Number of protein chains: 4
Amino acid sequence: MDYNEKQVQIIETAEKLFANNGFEGTSIRDIAQEAGINIAMISYYFGSKEKLMEAIFAYRIKTTFLKMENIINNDNYTPFQKVEKFIEHYIDKMFGNQCFYRLMMREPYIQEFHNISDLVYEAKKNNLELAKKVIHEGQKRGEFRKNVDVGMMIMTMIGTANHFVTTQEFYKRYNNMLEMPQVEFEKHMRKKLYHHLKTLFKSILTHEEK
Amino acid sequence: MDYNEKQVQIIETAEKLFANNGFEGTSIRDIAQEAGINIAMISYYFGSKEKLMEAIFAYRIKTTFLKMENIINNDNYTPFQKVEKFIEHYIDKMFGNQCFYRLMMREPYIQEFHNISDLVYEAKKNNLELAKKVIHEGQKRGEFRKNVDVGMMIMTMIGTANHFVTTQEFYKRYNNMLEMPQVEFEKHMRKKLYHHLKTLFKSILTHEEK
Amino acid sequence: MDYNEKQVQIIETAEKLFANNGFEGTSIRDIAQEAGINIAMISYYFGSKEKLMEAIFAYRIKTTFLKMENIINNDNYTPFQKVEKFIEHYIDKMFGNQCFYRLMMREPYIQEFHNISDLVYEAKKNNLELAKKVIHEGQKRGEFRKNVDVGMMIMTMIGTANHFVTTQEFYKRYNNMLEMPQVEFEKHMRKKLYHHLKTLFKSILTHEEK
Amino acid sequence: MDYNEKQVQIIETAEKLFANNGFEGTSIRDIAQEAGINIAMISYYFGSKEKLMEAIFAYRIKTTFLKMENIINNDNYTPFQKVEKFIEHYIDKMFGNQCFYRLMMREPYIQEFHNISDLVYEAKKNNLELAKKVIHEGQKRGEFRKNVDVGMMIMTMIGTANHFVTTQEFYKRYNNMLEMPQVEFEKHMRKKLYHHLKTLFKSILTHEEK
DNA sequence: GATGAATGAGGATTCATTCAT
DNA sequence: AATGAATGAATCCTCATTCAT
């Protein structure tokens, strides 16, 4: 399960190409060429193209979906601070691993065919339950409204964030930001997303129904 | 630009398969077999696989992104009723054309290579501007808060709705609804989404900042 | 065996395309498009693509390889004048039917597969024997040398003339005549060829061996 | 640019089939079957059918159009001996590479579409200029007539020789030589062609105009 | 451990032809 | 008489994978 330098290089190259062109739209030749390695090495290291896909998921889910617990269990934060941290964390992860997130979005079916279904399911479930825990805590402490559908809130956060990534190109074009350097643009996006989701959650969690 | 019965059948079959398996993951053979037609007919009718993809977009965007104006311009509705109608309409369209929406989500790159880029851009822009119009109207009438980022609200609506569709399988499994018939499940989802987004928008648009 | 206007149009279009791109390199669609007729008409009129090829040969050989006898049997001409007429006639025919001649040159195998083998054989044989007749007449009258290989002379005439047509493009480029209008260029070529072959034949037929 | 054994085998097989059936009339399957190799190997080695055609030309022109200079520059030969050697050399090359010569004759257009145009042009030009050099030398030494159109003489040589190859089948049939073994037949043809062209050139180059 | 050569399977597309009208 | 729709066969090419080295 530990990948050497070359294997990691292959994984990351493949991830990028799969995200851009899809699993079937990317050939092993493409990956080998982009990564500067021999074509046969992919089958050699991973067994097959499918197994490489599995490796990507295993690699990312392991290194990506961890360490959320630390935030949740830090007692120095108020419930809403925890929510904020949670949002920040998700956004940071997503921007830091855009390719992988785009890949997950575009190849949902891939789960069914390969041995990653459970992995992904567990990661999502884990995420959801952490969020529930935070919000329930806030409710118990009387700081959040009672009748909040936590599942829907999480979907809103993830959906909005994901769509943000997906729709970047439209956004750029619509707002005449095509010339802005990618790094700056991402910074802008990220900040905007932070603010929006925090405001949204605050509004939902603390707004009194009339 | 008018497609006969057989052409529509091909378009809809291809749309489904492209949505499930991707453009490159779907062979012309697959489409022909599923649609019960001869393999050569696809090239015969559409010229190529790529042109078929273009036809799908042209077909759907034309028939899907219309008639939203009627809602917006109906003076019998209050601004918030218009927002509700807008949300309903988007959700209905999306559930009614799940395949196409999933296809758009998974193949964003396809726009760049083919002649659908502008089509999609215009549709999205049109959508966004209609939403802006409604909300600005509510603001002018003092019924909505002033400092609402309309763009972000739309992204939230679309992102949440899209994610809802994408994540169905996880949702089913997580909530032990795997046995529920698809039709009933969708009804359930749709209702839930209606409610959630309306509540969300109400909260955002009318909640007074403290 | 009599072709109507449309059939002739198809034949001539096909002849041109076959000459330029070869039999297999030309599709029925190409011919139909170029001739401005329906695709099905070719099979309808001629039965098949192969039969169309046969029709071209039948059509051209009939109308092309005739009337040579008149020259030969005209008693007002001296033997060498007859040779000159013969040369002129061949060159004129060839320039007037360049496409057909190029077609014959590039598709010699086609004879074996189709029913035109005998047709072509007879035409060639007829040509050769007419030439022999003229030259033998000149020899009998003591005006031509005795030991002339008539077959080789004919091959020289035909080969040179054919090569002239084939190598036009090289000739143009080599002599900086790329800008010259095709009509003028052909006139130039034809004149040159007349003169060359006549001189050649005169030299061969009348030159006394030392 | 150096081809291994298998590549050469493919090139020579393809050359033969292209010469007989044309570029478009020959399928990759045909070539693979005749050469006893896997179909995919052709694309593997050459990239495409077109590139294979280019390879044939590159291969032949390189190995075929060389070493003529040696003859020309050999000072032991008289000008007419050089002409004879030149003729012999051309005929030998042509009979030794009949397929390639037939291929060049039947696919002149192929030059325009592919990267061999210049290659062929240079080879032809080179050939022509060597011939000119020889004849001009003879003229300078007063052994050849002054007013000889060297270009036309070369065309005569090449055209006659080429036509000889093209028309073999007719010749055989006409002269009842269908039963003669090919090797013996070729020997006969070659000898005949030697003699004819040498006589022809002698007559033209040395015959005094009256 | 690492790789270049080789291949069978399957990809999209074009083809000449047929048939109902 | 003439044609648009439709199709099975064949086209070239790319694919992921294997194997001897």
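Here is how names work: the chains are called A, B, and so on, in the same order as the sequence lines, proteins then strands, and each is numbered from 1. No hydrogens, no waters, no symmetry mates; every other heavy atom, side chains included, goes into these values. None of these values were measured; they are calculated from a predicted model.
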Rounded distance (Å) that lies between atom [atom2] of [N] and atom [atom1] of [X]:
X	N	atom1	atom2	value
D:M53	F:dC12	CE	C1'	15 Å
A:Q7	E:dG1	CD	P	11 Å
D:N38	F:dC12	CG	P	14 Å
D:Q33	F:dT11	CD	P	11 Å
B:M41	F:dG4	CE	P	15 Å
C:N21	E:dC15	CG	P	12 Å
C:E5	F:dA1	CD	P	18 Å

Next on the checklist: Between C:F100 and C:Y59 (judged by ring centroids, cut-off 6.0 Å), do the two rings come close enough to count as a pair?
Outcome noted: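 No, they do not, as the ring centres are separated by 6.0 Å or more.
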Which residues pass the side-chain hydrogen bond (donor to acceptor under 3.5 Å, both in side chains) test with [X], sequence neighbours left out?
X	value
B:N38	none
D:K49	none
B:E34	B:K16
D:E122	none

Checklist entry - So what does A:F46 hit on the nucleic acid, given a heavy-atom distance under 4.0 Å: a base, only sugar-phosphate, or nothing? => result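 Nothing: the residue A:F46, judged by heavy atoms under 4.0 Å, touches no strand.
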Checklist entry - Which part of the nucleic acid, if any, lies within reach of D:K6 when heavy atoms closer than 4.0 Å are counted: base, sugar-phosphate only, or nothing? => result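 Here D:K6 touches the backbone only, sparing every base.
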Next on the checklist: Out of the candidates B:T166, B:N97, B:N20, only one should pair with B:R102 under the side chain to side chain donor-acceptor pair (under 3.5 Å) rule; please name it.
Outcome noted: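 Per the side chain to side chain donor-acceptor pair (under 3.5 Å) rule, the option paired with B:R102 is B:N20, out of B:T166, B:N97, B:N20.
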Item to check | Contacts of B:F170 that satisfy ring-ring contact (aromatic ring centres under 6.0 Å, His included) - sequence neighbours left out | outcome: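 ring-ring contact (aromatic ring centres under 6.0 Å, His included) check on B:F170 returns A:Y121, B:Y174.
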Next on the checklist: Holding to side chain to side chain contact (heavy atoms under 4.5 Å, CB included), I want the full list of residues that pass it with D:N162, two or more places apart in sequence or in another chain.
Outcome noted: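 Scan of D:N162 (side chain to side chain contact (heavy atoms under 4.5 Å, CB included), adjacent residues dropped) gives C:H163, D:Y90, D:M94, D:Y101, D:M105, D:I158.
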Next on the checklist: If the condition is salt bridge (charged side-chain N to carboxylate O under 4.0 Å, His left out), which residues does B:E24 pass it with, not counting sequence neighbours?
Outcome noted: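 Salt bridge (charged side-chain N to carboxylate O under 4.0 Å, His left out) check on B:E24 returns nothing, list empty.
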Checklist entry - When you check every protein heavy atom under 4.0 Å of nucleotides 13-21 of chain F, what one-letter string (B, S, -) results, 5' to 3'? => result SBSBSB---
Checklist outcome for this item: Pairing string of DNA chain F (Watson-Crick or G-U wobble, both atom distances under 3.5 Å; | = paired to other strand) is .||||||||||||||||||||
